[in-house]
Amino acid sequence: MSVTLDIRLKRANKVYLEGETVAGVILLVCKEALQHHGISLSMEGVVNLQLSSKSVGVFEAFYNSVKPIQLISSNIEVAKAGKIPGGKTEIPFEFPLHTKGNKVLYETYHGVFVNIQYTLRCDMKRSLLAKDLSRSCEFIVHCQPQKSKVIPTPVNFTITPDTLQSREKNSLPKFLIRGHLDATNCVISLPLTGEVVVENSDVPIKSIELQLVRVETCGCAEGYARDATEIQNIQIAEGDVCHSLAIPIYMIFPRLFTCPTLETTNFKVEFEVNVVVVLHDDHLITENFPLKLCRL
């Protein structure tokens, strides 16, 4: 006998703050009456840490510190054993979003080596002959916004062969690239903005790109594994651009793959942006800027 089980949250965007109530319904659809041995609903928030392949074996002590960190865990009985009538049945539920003890709810974040995830799971127990049913649903937690204002700190930059930390400085063609970022302490819901100007270049330019990078650190007192991976790459100019022309920088921070800059005893999540200029011989010129993200 076919039966479908689903979890529907009241909020379409599934975004909640600490202290709020996660509310919704458990939806059951079956053609005829259904016997069950109880329906339960659990809420879980976990930080999963993972080591990159280059760190495994380097720090044996890591294996103790990279265990999953439980942020929230609670369980409620939605319905005692009994019968569900045929057709569509909705069972409402409410879950307060509170941590136990002195733990902090970190913001939902999907990374490579750090993953912070919050899920609801509904389980319906059935007789031995029928298979138990379960359904999971992820919801998103945003950290409490900062009360204080963020004062933007603009950063000006000038890139020439002399400013690069390259051993091949002398073999590089001459170029002068200027620009600025409007702020490096950024509000996560607002775009990163600025501009870049190619004043002159002896060789044609192939492309100018913005590369957003996450820097994830996992570890403990014995040592840390720090890994940088690309989140997104946006091309802001193609071909040999006009010299002395201001090219706008505009990058939106992607949802779930970024979060406010986070630093704890076991892990850190930080962000950087690279302005990358690709010359026609595929030579890369990169200027790196650390970013501090926050939520207002």
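One is the number of the first residue; the rest follow in order along the sequence. Both backbone and side-chain heavy atoms feed into the values below; hydrogens, waters and symmetry mates do not.
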Is there a side-chain contact between Phe267 and Ile116 (heavy atoms, below 4.5 Å)? yes
Using only atom types and a distance under 3.5 Å, with no angle test, would you say the side chain of Asp132 pairs donor to acceptor with the backbone of Arg126? yes
Counting only N and O atoms by type, is there a donor-acceptor contact under 3.5 Å from the side chain of Thr258 to the main-chain atoms of Pro254? yes
Stepwise side-chain contact (heavy atoms from CB on, under 4.5 Å) check, Leu105 with Cys143: CA-CA 7 Å; Leu105 282 190; Cys143 62; over 6 Å; no
Compare all side-chain heavy atoms of Glu138 with those of Thr108 and state whether any distance is below 4.5 angstrom. yes
Verify side-chain contact (heavy atoms from CB on, under 4.5 Å) between Asp282 and Lys206, making sure each step is shown before the conclusion. CA-CA 8 Å; Asp282 284 337; Lys206 192 175 180 181; 2.7 Å; yes
Result for side-chain contact (heavy atoms from CB on, under 4.5 Å) between Glu270 and one of Leu262, Val213, Thr217 points to Thr217
Between Leu41 and Phe95, which heavy-atom pair has the shortest distance, and what is it? O-CZ, 3.6 Å
To the closest 0.5 Å, what do you measure between CG (Leu28) and NZ (Lys88)? 11.5 Å
Run the side-chain contact (heavy atoms from CB on, under 4.5 Å) check on Val275 and Thr286 step by step: do they pass? CA-CA 6 Å; Val275 176; Thr286 307; over 6 Å; no
Nearest heavy-atom neighbours spanning Lys83 and Ala33: CD-CB, 4.5 Å
Here the gap from Glu44 atom CD to Tyr118 atom OH, rounded to the nearest 0.5 Å, amounts to 11.5 Å
Return the CD1 to CD1 distance between Ile84 and Ile91, rounded to the nearest 0.5 Å. 5.0 Å
In terms of side-chain geometry, is the basic nitrogen of Asp123 or Arg121 positioned less than 4.0 Å from the acidic oxygen of its partner? yes
Do Lys125 and His36 come within less than 4.5 Å of each other through their side chains, counting heavy atoms only? no
Just wondering, do Val269 and Cys259 contact through their side chains at under 4.5 Å, heavy atoms? yes
Would you check if Glu107 and Val141 make a side-chain contact, meaning some heavy-atom pair closer than 4.5 Å? no
Hydrophobic cluster identity match, Leu293 and Val155, side-chain contacts under 4.5 Å: yes
Enter the distance from Glu216:CD to Gln50:CD here, rounded to the nearest 0.5 Å. 9.5 Å
Report whether Ile231 and Tyr106 are members of the same hydrophobic cluster (ILVMFWY, side-chain heavy atoms less than 4.5 Å apart, transitive linking). yes
Hey, is the main chain of Glu18 close enough, under 3.5 Å, to the side chain of Gln144 for a donor-acceptor pair? yes
Give a yes or no on whether the backbone of His283 and the side-chain of Asp281 come within a donor-acceptor separation of less than 3.5 Å. yes
Is there a chain of hydrophobic side chains (I, L, V, M, F, W, Y, each step under 4.5 Å between heavy atoms) that links Val241 to Val197? no
So, does Ser201 use its side chain to make a donor-acceptor pair with the main chain of Pro204 at under 3.5 Å? no
Would you say CD of Glu238 has more than 12 non-hydrogen atoms from neighbouring residues, nucleotides or ligands within 6.0 angstrom? no
Contact summary for Thr184 and Pro290, nearest pair of heavy atoms: CB-O, 3.7 Å
N-O pairing of Arg135 and Asp6 below 4.0 Å: yes
Distance in Å, Lys131 NZ paired with Leu129 CG, rounded so as to fall on 0.5 Å steps: 14.5 Å
Taking the six-membered ring for Trp, are Phe289 and Phe157 parallel (under 30°), tilted (30 to 60°) or perpendicular (over 60°)? tilted
State the CG-CE distance between Leu181 and Met251, to the nearest 0.5 angstrom. 10.0 Å
Quick check: closest heavy atoms across Ser42 and Asn75, and the distance to 0.1 Å? CB-OD1, 3.4 Å
Determine whether a donor-acceptor pair (N or O, by modelled atom type, separation under 3.5 Å) exists between the side chain of Asn200 and the backbone of Phe175. no
Considering only heavy atoms from C-beta outward, does the side chain of Val276 approach that of Leu210 to under 4.5 Å? no
Is Arg214 close to Tyr109 at the side-chain level, that is, under 4.5 Å between some pair of heavy atoms? yes
For the pair Ile208 and Gln235, evaluate side-chain contact (heavy atoms from CB on, under 4.5 Å) and give the outcome as yes or no after the intermediate values. CA-CA 6 Å; Ile208 301 176; Gln235 187 181 45; over 6 Å; no
Taking every non-hydrogen atom, the tightest pair across Leu97 and Leu17: CD2-O, 3.6 Å
Taking Ile76 as the starting point, is it possible to reach Ile39 by hopping between hydrophobic residues whose side chains are less than 4.5 Å apart? yes
Short side-chain to backbone donor-acceptor contact, Lys103 and Gln70, under 3.5 Å: yes
Indicate, with yes or no, if Ile252 and Val15 share a hydrophobic cluster defined by side-chain heavy-atom contacts under 4.5 Å among Ile, Leu, Val, Met, Phe, Trp and Tyr. no
For residues Thr193 and Asp182, is any side-chain donor paired with an opposing acceptor at under 3.5 Å? yes
Ala246 backbone acceptor or donor facing Glu195 side chain under 3.5 Å: no
Heavy-atom closest pair (Tyr16 atom, Lys10 atom, distance to 0.1 Å) is OH-N, 4.3 Å
Hey, does Leu49 have a side-chain heavy atom less than 4.5 Å from the side chain of Val114? yes
